[in-house]
Amino acid sequence: MRQKFKRIVVKVGSNVLTRKDETLDITRISMLVDQIAFLHKKGVEVILVSSGAIASGRSEIHPHKKVDDIGQRQIYSAVGQVKLINLYYELFREYSIPVGQVLTNKESFGTRRHYLNQKNCMTVMIENGIIPIVNENDTIAVSELMFTDNDELSGLIASMMNAQTLVILSNIDGIYNGSPDDPSSKILREIKADEDISEFIQVTKSSFGRGGMMTKVNIAQKEAKEGISVVIANGEKNNILIDLWNDCKHTLCTHFLPSEEPVSNVKKWIAHSEGFAKGEIHINKKATDLVNSDKVVSILPIGITDVKGDFEKDDIVRIMDDKGKQIGVGKAGFNSDKIREAMGKHGKKAVIHYDYLYIE
Ligand code: GLU
């Protein structure tokens with residue numbers, strides 16, 4: 001596993017970072033920092049995606065004026081994030097390792113320019129030995145603007161930063177093949193990127209964080225398909241990161257094996273941008289068959305039957321087949337009006353170039 005640990009994203013959930021009374025578990029955080037510092041000194045480039053802001057703010061602030069649910073989340077995250085990052089800062093300083101805070105939101109993954117700015121920010125941090133500590137900017141991300149959870153965010157970060165490994169630390173040892181409460185259940189040790197394991201997934205969520213097992217598995221398989229090795233392990237276990245680094249095979253965890261087929265960076269971005277799509281492009285049967293074949297094809301106006309929504313050039317759009325089913329996503333080469341004008345006509349430029357087309 002060591003060779004796969006050149007650049008890793010470590011995601012730590014709220015349950016790992018907080019005690020039962022919701023205060024930050026300083027002992028545990030300190031142990032995690034020890035392990036990350038060890039890996040850092042070994043030359044591993046670590047990006048930490050840390051939850052825990054809202055949980056830690058909740059234990060700190062008791063608003064004396066009436067605040068609705070959204071307001072509470074905003075207050076807790078604003079206050080809690082300061083506490084959290086301050087703690088990391090102090091703990092890493094003991095090792096003379098500088099850290100920096102990266103707060104992001106869904107919108108910043110939807111626009112290629114924002115995406116590249118974020119990527120550049122974290123790249124220069126890593127190049128300068130600074131560990132990026134990432135969280136969602138929960139002060140402005142509310143309702144539909146939110147990531148599903150920090151598992152989703154960690155997947156996006158792993159793809160964006162071309163990490164070889166994503167480690168999701170939760171409070172269980174991995175994915176069980178039955179109920180975790182049943183003593184005969186066992187941890188699934190290795191899962192292929194395209195293996196169907198939905199029958200094993202518990203729908204229960206962790207108590208503090210937003211994440212559940214289903215999102216973890218979905219994200220893990222999506223990342224594994226892109227060639228990233230994903231590990232789900234127990235962050236409450238002492239030395240878990242070092243054990244994984246030393247010998248992943250013999251450490252209790254679920255390992256999603258990376259697929260061998262490489263995916264280009266821009267396609268990775270497009271694949272993850274589905275949630276930010278601004279419109280739809282419907283294509284006919286002939287075009288559907290072509291994009292589903294092994295051939296390298298772009299989407300041309302002649303194959304388009306409908307354009308839904310108003311979007312700009314370079315926005316992400318969904319690709320719908322002749323039965324109206326989504327088959328992929330792509331980056332629009334023209335705005336929606338121009339595509340409507342060209343739709344059904346011969347000899348026009350590609351609307352979605354092959355390089356910017358991701359078929360699922
Ligand atoms: N961003 C949230 C926080 O720091 C956590 C979201 C999640 O639980 O996945 O509190």
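These numbers come from the heavy atoms of this one structure, side chains and all, not from hydrogens, waters or symmetry mates. In this chain, residues are counted from 1 in sequence order. Order of appearance sets the numbers: ligands from 1, and atoms from 1 within every ligand. Just so it is clear, the structure is predicted and the values come from calculations on it, not from any experiment.
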Trainee: Got an N/O contact under 3.5 Å between Asn150 and ligand 1?
Mentor: yes

Trainee: Return yes or no for this condition: an N or O of Asp138 is under 3.5 Å from an N or O of ligand 1.
Mentor: yes

Trainee: Pick one: which of Leu244, Ile131, Val44 meets side chain to side chain contact (heavy atoms under 4.5 Å, CB included) with Leu39?
Mentor: Val44

Trainee: Would you please indicate if the ring centroids of Phe147 and Phe109 are separated by under 6.0 Å?
Mentor: yes

Trainee: Is there any N or O on Ala55 that sits under 3.5 Å from an N or O of ligand 1?
Mentor: no

Trainee: Under a 4.0 angstrom heavy-atom cut-off, which atoms of ligand 1 come close to Asp149?
Mentor: 9 (O)

Trainee: Could you tell me whether Lys83 atom NZ has more than 12 heavy atoms of other residues or ligands within 6.0 Å of it?
Mentor: yes

Trainee: Kindly say whether Gly328 contributes a backbone atom to a donor-acceptor pair with the side chain of Arg318 at under 3.5 angstrom?
Mentor: no

